[in-house]
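Below is one structure, written out as structure tokens; the observations come after it.
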Amino acid sequence: MSPLYRLIALLLILIPNAALAASATVIGYHRFDGHRSSMSMPMAEFEAHLKYLKESANVMSMDEFAGYVERKERFPPRTVLITIDDGWSSVMDAFALLKKYDLPFTLFLPMAYMANPAARHNLTREDIERLKSWPKVTFADHSFSHSPRLQVGKHKNHETYLEFLRQDLAASRQRFFEIFGYYPKYYAYPYGHTNGSFSALLAENGYELMFTTDYRPFDGDVDPRAIPRLGGHRVTAVRLKEIVESD
């Protein structure tokens, strides 16, 4: 076979596969209307996000997403994963819209504040029971304390840091089991960053996927211990469309 024919044959093999290549967009939200926070998002803009995603994207559940990562498969075009951090009470406002648009989503929860009467701005036990009744919610771990001591690169004594990580993780897992009756498989790093020690500790405890910030699109070869997320509060629905459809 001549070099030209070999090149044509190679292209015929690659082009169909290339057509299937796609990145996924993981979106991380935090607070919604009525909160003084740089990470708060107006509900009207959030609904505009959801309307676009319902009509034009492939919104996966966390377990579906994890399957693609485990198999190292490229995601279908316009794949999106919706996540919400911190378990603020305004999650319930977002929940109403997510149900309206029938979209799956994941809650990353700092367990010290969940179903805690002293944590007046976080999800109550009644809120959590309502969320449990919706089959398209995935509950996941976001530490126990969300303490600044969990921040990567802030410690002079590495052993002290590791011991705090272990204690916080043990407390989080225990509280998670008390509330949900099983142990979590997914974790979002407090403050959005990780290192080898942090991710190794999570892997040793059975966590399958771990999420950072520092968004970039990615395909099925993403590092399961450092999956980047887009800050939902940072983008309009128009910009979100551009990002999701840019691949």
Side-chain angles (χ1 to χ4, degrees), residues 19-66 68-69 74-109 121-123 127 130-131 134-140 142 186 188-189 191-193 209 211-220 222 226-247:
L20 294 174
S23 295
T25 301
V26 183
I27 311 173
Y29 298 99
H30 290 78
R31 286 186 168 189
F32 300 90
D33 266 353
H35 296 275
R36 294 181 180 179
S37 168
S38 61
M39 304 183 87
S40 184
M41 184 169 195
M43 290 302 298
E45 191 64 45
F46 181 61
E47 183 164 14
H49 280 206
L50 299 186
K51 186 173 186 297
Y52 161 70
L53 294 174
K54 180 65 176 180
E55 293 174 352
S56 303
N58 173 42
V59 181
M60 287 187 176
S61 70
M62 178 64 82
D63 287 341
E64 290 174 316
F65 180 89
Y68 276 86
V69 175
R74 292 190 181 276
F75 296 97
R78 301 182 183 181
T79 290
V80 172
L81 182 68
I82 298 172
T83 70
I84 305 175
D85 289 9
D86 298 341
W88 299 111
S89 57
S90 61
V91 162
M92 301 309 293
D93 298 322
F95 176 44
L97 289 177
L98 287 155
K99 286 183 69 175
K100 174 182 175 180
Y101 289 96
D102 194 30
L103 292 172
F105 64 100
T106 295
L107 293 175
F108 285 112
L109 303 174
H121 300 294
N122 291 93
L123 294 172
D127 292 333
R130 283 180 57 198
L131 288 160
W134 179 243
K136 294 190 176 184
V137 181
T138 299
F139 299 98
H142 194 37
Y186 312 114
Y189 299 104
Y191 307 99
H193 301 285
L209 300 182
F211 293 80
T212 67
T213 53
D214 295 329
Y215 176 75
R216 62 177 176 79
F218 56 86
D219 61 20
V222 64
I227 299 174
R229 292 187 292 166
L230 170 70
H233 60 287
R234 297 181 181 274
V235 296
T236 64
V238 172
R239 178 59 183 143
L240 179 61
K241 179 178 185 292
E242 292 173 350
I243 291 169
V244 172
E245 299 182 9
S246 63
D247 182 41

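All of these numbers come straight from a predicted model, not from anything done at the bench.
- Side chain of S89 to main chain of N122: no donor-acceptor pair is present (N/O by atom type, distance under 3.5 Å, no hydrogens or angles).
- The backbone N or O of D93 sits nowhere less than 3.5 Å from a side-chain atom of S90 that would complete a donor-acceptor pair.
- In this structure the side chain of Y186 never reaches within 4.5 angstrom of the side chain of T106, judged on heavy atoms.
- Between V91 and D127 the shortest side-chain heavy-atom distance does not fall below 4.5 Å.
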Residue pair H49, Y101: steps toward the side-chain contact (heavy atoms from CB on, under 4.5 Å) verdict
CA-CA 11 Å; H49 280 206; Y101 289 96; over 6 Å; no
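- Considering CE of M60 and OH of Y68, their distance stands at 4.0 Å, rounded to 0.5 Å.
- Within 6.0 Å of NZ on K51 lie no more than 12 heavy atoms contributed by other residues, nucleotides or ligands.
- Distance alone, capped at 3.5 Å, is enough to place a donor-acceptor pair between the H142 side chain and the A188 backbone.
- With respect to F75, the side chain to side chain contact (heavy atoms under 4.5 Å, CB included) criterion is satisfied by exactly one of L81, N58, V69: V69.
- The minimum heavy-atom distance linking V80 with A57 is given by the pair CG2-CB, 4.1 Å.
- Tested against Y29, the residues F108, F95, F105, F46 include a single ring pair (Phe, Tyr, Trp, His ring centres under 6.0 Å) partner, F46.
- V244 places a side-chain heavy atom less than 4.5 Å from the side chain of Y52.
- A donor-acceptor contact shorter than 3.5 Å links the side chain of D33 to the backbone of M43.
- The side-chain heavy atoms of F65 and I227, taken from C-beta on, include a pair separated by under 4.5 Å.
- Considering every non-hydrogen atom in both G232 and I27, the closest pair reads CA-CG2, 3.7 Å.
- Atom-to-atom distance recorded for L230:CG and I243:CD1 is 4.5 Å, nearest 0.5 angstrom.
- Between M62 and L209 the shortest side-chain heavy-atom distance falls below 4.5 Å.
- Of all heavy-atom pairs between I84 and A94, the closest is CD1-CB, 4.3 Å.
- When side chains are defined from C-beta on, I82 counts as touching L50, because their heavy atoms get closer than 4.5 Å.
- Between the side chain of E64 and the main chain of S61, a donor-acceptor pair closer than 3.5 Å is present.
- For the atom pair OG of S246 and CZ of R78, the computed distance is 10.5 Å after rounding to the nearest 0.5 Å.
- Within the model, atoms NZ of K99 and CG of L97 stand 11.5 Å from one another, a figure rounded to the nearest 0.5 Å.
- Side-chain atoms of R229 do not come within 3.5 Å of backbone N or O of T213 as any donor-acceptor pair.
- Residues L123 and L131 meet the side-chain proximity criterion, which asks for heavy atoms closer than 4.5 Å.
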With side-chain contact (heavy atoms from CB on, under 4.5 Å) as the criterion, how do L53 and L240 come out once you've worked through the C-alpha distance, each side chain's angles and the decisive distance to 0.1 Å?
CA-CA 9 Å; L53 294 174; L240 179 61; 4.2 Å; yes
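- Remark: H233 NE2 to M39 CE distance equals 4.5 Å, nearest 0.5 Å.
- A side-chain donor-acceptor contact under 3.5 Å links E45 to the backbone of A237.
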Residues K54, L103; criterion side-chain contact (heavy atoms from CB on, under 4.5 Å); working and verdict:
CA-CA 7 Å; K54 180 65 176 180; L103 292 172; 4.0 Å; yes
